[in-house]
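Start at 1 with the first residue, then count along the sequence.
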Amino acid sequence: QVQLVESGGGLVQAGGSLRLSCAASGRTGSISAMAWFRQAPGKEREFVVAINWSGSNTYYADSVKGRCTISRDNAKNTVYLQMSSLNVSGRAVYYCAAVRHITLSRNPRFYDYWGQGTQVTVPS
């Protein structure tokens, strides 16, 4: 099993920046890629970005290109999501996910493990 714990969410003013973290533990050797998704109230879970386990490849949703950067610290088994120029469209619960056997998918159904989510609030 793999456990994922997100942190770093909170209240940020429009135009501001925020960095989310996702720490993986357990059988991390089985992970091939990790990703961030987000879900706003009343909406479906939306893919944000994915990174393979080595950190050599990334895949961004078009909606966040230029405003989000994913990175990872292999020594800490932690993935980061740096977000900038946040606006109300970024208001959501952000989830970290991990997948075995495949990589860089935007389909949430392929992911095997999920964190509990961290709330990002951007006042209108």
Distance (rounded to the nearest 0.5 Å) between [X] [atom1] and [Y] [atom2]:
X	Y	atom1	atom2	result
Cys68	Tyr60	SG	OH	8.0 Å
Arg38	Arg91	CZ	CZ	12.0 Å
Gln13	Leu18	CD	CG	12.0 Å
Ser21	Asp73	OG	CG	10.0 Å
Tyr59	Lys65	OH	NZ	8.0 Å
Leu81	Cys96	CG	SG	9.5 Å

Main chain of Ala24, side chain of Gln3: is a donor-acceptor contact present, judged purely on distance under 3.5 Å?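 Side chain of Gln3 to backbone of Ala24: no pair is present.
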With hydrophobic residues grouped by side-chain heavy-atom distances under 4.5 Å, do [X] and [Y] end up in a single group?
X	Y	value
Val49	Tyr111	no
Val64	Val12	yes
Trp114	Val2	no

Walk me through it: do Val120 and Leu11 pass the test side chain to side chain contact (heavy atoms under 4.5 Å, CB included)? CA-CA 6 Å; Val120 173; Leu11 177 68; over 6 Å; no
Ring-face cation contact, Tyr80 with Arg19, 6.0 Å cut, 45° max: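 Flagged: Arg19 positioned over aromatic ring of Tyr80.
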Side chains of [X] and [Y]: does their closest heavy-atom pair fall under 4.5 Å?
X	Y	value
Thr118	Ser7	no
Ser17	Gln82	yes
Ile102	Phe110	yes
Ser63	Glu46	yes
Asn77	Trp53	yes
Pro108	Phe47	no
Val99	His101	no
Arg100	Tyr113	yes

Are Met34 and Leu4 close enough, and set up right, to give a side chain to side chain contact (heavy atoms under 4.5 Å, CB included), and what steps lead you there? CA-CA 10 Å; Met34 294 181 69; Leu4 303 174; 3.8 Å; yes
Do Ser105 and Asn107 pair up side chain to side chain, a donor and an acceptor below 3.5 Å, judged on atom types alone?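 Distance-only check fails for Ser105 and Asn107.
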Can you confirm if the aromatic rings of Phe37 and Tyr95 lie within a centre distance of less than 6.0 Å?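 Ring-ring flag for Tyr95/Phe37: false, centres at least 6.0 Å apart.
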Verify side chain to side chain contact (heavy atoms under 4.5 Å, CB included) between Met83 and Leu20, making sure each step is shown before the conclusion. CA-CA 8 Å; Met83 301 184 290; Leu20 306 181; 3.9 Å; yes
Side chain to side chain contact (heavy atoms under 4.5 Å, CB included) between Ile70 and Val79: does it pass, once the steps are laid out? CA-CA 7 Å; Ile70 192 169; Val79 172; 3.7 Å; yes
